Structures are given as C-alpha cells and as structure tokens.
Amino acid sequence: MHKNKPEFIHDIQIGIGDVCKITGVSGRQLRYWEERGYIHSLDDPKSSVRKYSLDILYKVGSIKHFIDEGYTLAKAVEKSEQRSKEMMVVRHFMVDCLKEVKVTDLKKGYGELELGTYAGQKVVGIRDENGSRFEMRPLEEK
DNA sequence: GTTCTTACA
DNA sequence: TGTAAGGA
C-alpha cells in the first residue's frame, strides 16, 4: 500500500485499487461517488491518478455498510455522515467518563467499563455473554 | 499491471 | 453499474 512509511496518518495515501479491495466498492462506484460530490480524492495537480485519505477510506466503508443495509446511495451517505457526527459525541463522552476498562474476553469483546459515579455508587458498563448493560455498585471503602 | 475517460447493451 | 476500448 505504501513504499515509504508515512510520518503522520494524514500523509497516508491509498490507491483506488486498495480502496476497492478493502471496502468492496468498485472503482466505477468510487469515481461516480466522487463525481456526485459524496467523496473526494486527494487532489494532485501532477497526476490524474486518484489517491484517498484514511478518512475517506473509512467513509467509503461506512457508506458501503448502509448500502448493504438496503439504503440508496444518497441515503447511505446521509446515514454515514449522521453516524460520523454521532460517534464524535460518543468518543468525547467516553474519553471524559471512562475511568478504567477491564477486559474479560478479548476475542469476544467482553469486559467491564468503569464509567464514574452516580448517586453515591459506581456506574459500571458490562459486556458479556448476556449482552451489554449497566450495573450500579457500592463504592469500595478503603 | 493499474488507472483513466468515454461510451454503451 | 459493469464492462470494453484505447491511451497514459
């Protein structure tokens, strides 16, 4: 994908062929989506060969996800952008609140999230074989 | 060998 | 949207 390792993630440039292989979206679609203004390739005045940023790679994958769900291209793009905005809030929330994460099963993605305190109790997010849920626990005394 | 544009069944 | 053509 890269001959020289980029110093920053923003320096990463991915060819259209790789974007196709990774996302499952055809080159024809990628060019069409760009023509419609849904995505953009890095503009290089010296070359007509398209290169994409990591951001766009994710966006393409996201749009593809919603298309596979049955949405039209236009709707899938809306969904993707809406999702992106929502996740921004989720990330900030988690960064602010998340105190500690205990991994109980790496492969299955199980674990416990320490999400702070509420009403004098610890708020814990649980993810295990029974699904995801919250639990309130008494503050540990030392 | 890959990507580009244009055109069409 | 896929695919073929013809050039870069």
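Chain A is the first sequence line, chain B the second, and so forth, proteins listed ahead of strands; every chain is numbered from 1. Here the structure is a predicted model, which is why all the values come from computation and not from measurement.
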Next item on the list: Answer yes or no: does atom NZ of A:Lys122 have more than 12 heavy-atom neighbours from other residues, nucleotides or ligands under 6.0 Å?
Entry: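 Count over threshold, so yes.
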
Notebook entry, point to check: Is it the case that A:Tyr32 and A:Arg36 place a side-chain donor and acceptor less than 3.5 Å from each other?
Noted result: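 Result is yes, a qualifying pair exists.
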
Next item on the list: Classify the side-chain pair A:Glu112/A:Thr104 by whether it contains a donor and acceptor separated by less than 3.5 Å.
Entry: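 Not at all, the side chains of A:Glu112 and A:Thr104 share no donor-acceptor pair under 3.5 Å.
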
Item checked: Contact summary for A:Ala76 and A:Ile67, nearest pair of heavy atoms ->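 Where A:Ala76 meets A:Ile67 most closely, the heavy atoms are CB-CG1, 3.6 Å.
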
Item checked: Where A:Ser26 and A:Cys20 come nearest, the two heavy atoms and their spacing ->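 Nearest pair, atom of A:Ser26 first, then A:Cys20: C-SG, 3.8 Å.
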
Check: So what's B:dT2 paired with, Watson-Crick or G-U wobble, going by both distances under 3.5 Å?
Finding: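 Paired with C:dA8.
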
Margin query: Return the pairing partner of C:dT1 with a 3.5 Å limit on both distances, Watson-Crick or G-U wobble; otherwise return none.
Written below: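 Across all strands, not a single nucleotide pairs with C:dT1.
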
Which atom pairs link the protein and nucleotides 2-6 of chain B when you take only N or O atoms and keep those under 3.5 Å?
from, atom 1, to, atom 2, distance (Å)
B:dT3, OP1, A:Gly17, N, 2.9
B:dC4, OP1, A:Arg50, N, 2.8
B:dC4, OP1, A:Arg50, NE, 3.0
B:dC4, OP2, A:Arg31, NE, 2.9
B:dC4, OP2, A:Arg31, NH2, 2.3
B:dT5, OP1, A:Arg50, NH2, 3.3
B:dT5, OP2, A:Arg50, NH2, 2.1

